[in-house]
Amino acid sequence: MRPLLAGAFAASSVSLSSVCVPFAKKGLVNHLSKDPCISQAREYIVMDGNAAGEGDDNVDWNTEDELEVENYPASSSSSLTPPSGDAASGSAEASSSAGTSHSKLFYQFVGMGFSEKLVAKAIDEIGEGQPDAILEHLLTYKVLENSPQEQDIDESAVVKEEVVDSDHFSSDYEGSFLDDLSDEDSYSGSEEVINPSSEDKKLLSLTAMGYPVEGAYIAIERCGPDASVDELIDFICAAQMSKEADALLGPEEKPRLLNDFRKQKKRKHSNCDAWSKKRRGEKKLLHGDEEQIRLPNPMIGFGVPTESSTIVHRTLPEAAIGPPYFYYENVALAPKGVWDTISRFLYDVEPEFVDSKYFCATARKRGYVHNLPTNNRFPLLPLPPRTIHEALPLTRKWWPSWDTRTKLNCLQTCIGSAKLTERIRKALEDNDGESEPPLRIQKYVLDECRKWNLVWVGRNKLAPLEPDEVEMLLGFPKNHTRGGGISRTDRYKSLGNSFQVDTVAYHLSVLKDLFPAGVNLLSLFSGIGGAEVALHRLGIPLKNVVSVEISEVNRNIVRSWWEQTNQKGNLIHIADVQQLNGDRLEQLMNSFGGFDLIVGGSPCNNLAGSNRHSRDGLEGKESSLFYDYFRILDLVKCIMSKGH
DNA sequence: TCGATCATGATTAGGAAG
DNA sequence: CTTCCTAATCATGATCGA
């Protein structure tokens, strides 16, 4: 039951045909649209759903799930905390790959969704030096492969669903989801098998010509299944999918569409300071990547309460306008091109980059893509402490004058070691008696302080923050992550992966007037419930909350918070976003009338700079779950529009 | 087996200097 | 313009002891 866009849909020709099939079956009239045609496609999806009745009604992106399963050996239970020596999921393949040292290229392809065995074979046959050839080989293999193995659903992968009814302070399991899964299975079985057809070949052609798979995928998705290869190439150029695409084309070869695209982009962002402030030089313009998203400086997004700035007005692309409202978050300092891709998928909405240092005492540079109004925002009260001294008054006594920090750096999932603070203490004591340590020592100490967010807790004594201090800095109630069998290490990890509540609440505050009776919330990658806490603190009632979170300790934290804050609504927990399909969504939405807001911050660990080992970008093992955010958001939009 | 502890750079961007 | 420096960064894997 592997949902479609998961992981490396872009590289999977099987996924591709799954996407296009519903469109093709309804004979989507193709045209080379200048506008993203997702909304048009949606119309067809809706028709598909309405005309259904006879069991063909799920628009489903999951048509050929069993084909997908095969590509994901043992990785389908992907977790935010990859098991270190997980014997339970003990696939020989997985464990062998953990032991041997594969190349970066290997993991890139595996991250795209190809099986490890296949990738290893391809690299072995072709050699590391020719990634394009390897990709082609992999794709060819998939296209030719026509006898997918039937695989049973792994019991352990079945979503366990927990419902908390706060009126009765009880929780129980809803048994219906197993039925859903079996229904789904029979669906897939009755669905006619689609031959890997023209779409796959087009994808193959494009990739063979050197175009990036992602670009090819998006082009086919947006231009429709009947588009010719030439048209697709036009689209890829116009959208400037990547530098590789540009590098292969001389300026004179670029199609006229490019100009239209530029005009469109220009018009769209002409009223945005951050966008137009820094223009690339002429030479860069020729290279065609002038539209690469750049981070604003200062990083205040469309405005922060503490900084006076001109009001930024924005006009959303048609396809982005709700219902539902959506709010997506991830790290601002992602590898190049990541935010371009994210923005492109999320209906071309320009990301709002905000550093939480304008809200509290700690920096947190994040990008937010949302379709919320931006006027009449208001901050949470009381305003949080905005300097280190205010937030941690006890450190003031020991804070040396030469440590000029007033804000902490980003709170991460790991803390500095005791060995480090001990080394620093010794280095400082060597010069004790002097009024100030030598500049060289100061520099060393300050560098380490900034790197590990150390604070002064005694004479020459530095220490990392305590978990409750992190809670407070991020805007969570005290002891939010404490108790219930949660280890200290897990608290740091959960907190480090969370929202800064004041920042998010400021953005969500506009919903208070729009939904005085409360909201139905779909919270993907909920974590410790940053969105829920933010809405609650804003005084926006939570009517029905569907919270999807893979980590059990995090689910426990949210459930505990839900009960302790006497919530009147219903909390439904789902474990895995990849198990959330259209049927289940529709069922949920029918029971309470759709979602008002979809919030989610997808995994950042393959994007974050702190990651030495697997900073693989958006196609990384966990970070590729972004595509599930998009998949689910698009499904909800589709279902919502069907209702009207 | 779990939790605590520790060591482990690279990729960005921006600015100053040449 | 390039080159060099500063600076920040929702982390992973190995090890050890209980």
Side-chain angles (χ1 to χ4, degrees), chain A residues 79-88 97-99 101 104 107 277-278 280-284 292-299 328-339 353-357 362-368 405 407-423 443 446-453 464 467 470 473-474 476 481 485-501 503-504 525-528 530 551 553-554 600-617 620-623 625-626:
Chain A
S79 147
L80 286 177
T81 57
S84 53
D86 184 6
S97 78
S101 63
K104 202 170 181 177
Y107 290 107
K277 190 175 283 178
K278 296 194 175 178
R280 297 290 182 92
E282 283 304 310
K283 189 177 178 185
K284 295 280 184 180
Q292 262 213 352
I293 290 176
R294 306 195 61 171
L295 300 178
N297 190 13
M299 198 180 281
Y328 174 82
E329 178 258 15
N330 216 320
V331 291
L333 281 68
K336 276 182 176 174
V338 166
W339 276 107
F353 293 102
V354 183
D355 189 338
S356 291
K357 75 180 180 184
T362 181
R364 207 166 184 80
K365 297 175 181 61
R366 296 294 180 269
Y368 307 88
R405 290 177 297 159
K407 302 277 186 183
L408 292 163
N409 274 341
C410 185
L411 303 172
Q412 305 195 121
T413 57
C414 294
I415 61 170
S417 70
K419 288 269 176 69
L420 172 65
T421 57
E422 179 62 8
R423 280 197 298 269
K443 168 115 172 70
L446 274 179
D447 282 350
E448 296 298 329
C449 281
R450 279 194 264 257
K451 186 186 294 181
W452 293 105
N453 261 333
V470 180
L473 287 163
L474 291 177
F476 287 93
T481 60
I486 294 152
S487 74
R488 188 181 165 86
T489 311
D490 277 346
R491 288 183 75 185
Y492 281 119
K493 178 168 285 187
S494 293
L495 285 162
N497 283 301
S498 174
F499 288 167
Q500 207 288 322
V501 171
T503 311
V504 171
F525 315 102
S526 298
I528 58 176
S551 156
V553 298
N554 285 346
S602 64
C604 69
N605 47 357
N606 304 123
L607 310 176
S610 307
N611 190 340
R612 275 105 154 131
H613 298 277
S614 52
R615 196 184 186 189
D616 301 330
K621 191 177 176 192
E622 284 82 24
S623 293
L625 291 172
F626 158 73

Student: Determine the contact category for A/Ser602: base if any of its heavy atoms lies under 4.0 Å from a base atom, sugar-phosphate if only primed atoms, P, OP1 or OP2 are that close, otherwise nothing.
Tutor: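 Base contact.
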
Student: Looking at A/Thr489, I'd like to know whether one of its side-chain N or O atoms comes within less than 4.0 Å of OP1 or OP2 on B/dA4.
Tutor: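 Answer is yes, contact under 4.0 Å.
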
Student: Calculate the interatomic distance between A/Asp490 atom CG and C/dA11 atom P; express it in whole Å.
Tutor: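 That distance rounds to 14 Å.
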
Student: What integer number of Å spans the P atoms of B/dG9 and C/dT15?
Tutor: 16 Å

Student: Any side-chain N or O of A/Ser487 under 4.0 Å from OP1/OP2 of B/dC2?
Tutor: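 No, because none of the side-chain N or O atoms of A/Ser487 sits under 4.0 Å from OP1 or OP2 of B/dC2.
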
Student: Nearest heavy atom decides the nucleotide; on that basis, is A/Lys443 or A/Ser610 closer to the 5' end of DNA chain C?
Tutor: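 Closer to the 5' end of DNA chain C: A/Lys443.
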
Student: If you find the nucleotide of DNA chain B closest to A/Lys419 and the one closest to A/Gly609, which residue's nucleotide is nearer the 5' end?
Tutor: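 Whichever sits nearer the 5' end wins; that is A/Lys419.
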
Student: Kindly determine whether A/Arg364 and A/Thr503 satisfy side chain to side chain contact (heavy atoms under 4.5 Å, CB included), including the steps that lead there.
Tutor: CA-CA 9 Å; A/Arg364 207 166 184 80; A/Thr503 311; over 6 Å; no

Student: Between C/dA8, B/dG15, B/dG3, which nucleotide gets closest to the side-chain atoms of A/Asn297?
Tutor: B/dG15

Student: Look at all strands and tell whether A/Cys410 reaches a base, only sugar-phosphate, or nothing, counting heavy atoms closer than 4.0 Å.
Tutor: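 The residue A/Cys410 makes sugar-phosphate contact but no base contact.
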
Student: Is there a Watson-Crick or G-U wobble partner for C/dC5 with both distances under 3.5 Å, and which nucleotide is it?
Tutor: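 Here C/dC5 is engaged in a pair, and the nucleotide opposite it is B/dG14.
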
Student: Given C/dC10, B/dA7, C/dA11, which nucleotide is nearest the side-chain atoms of A/Asn605?
Tutor: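 Within the option list, the nearest is C/dA11.
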
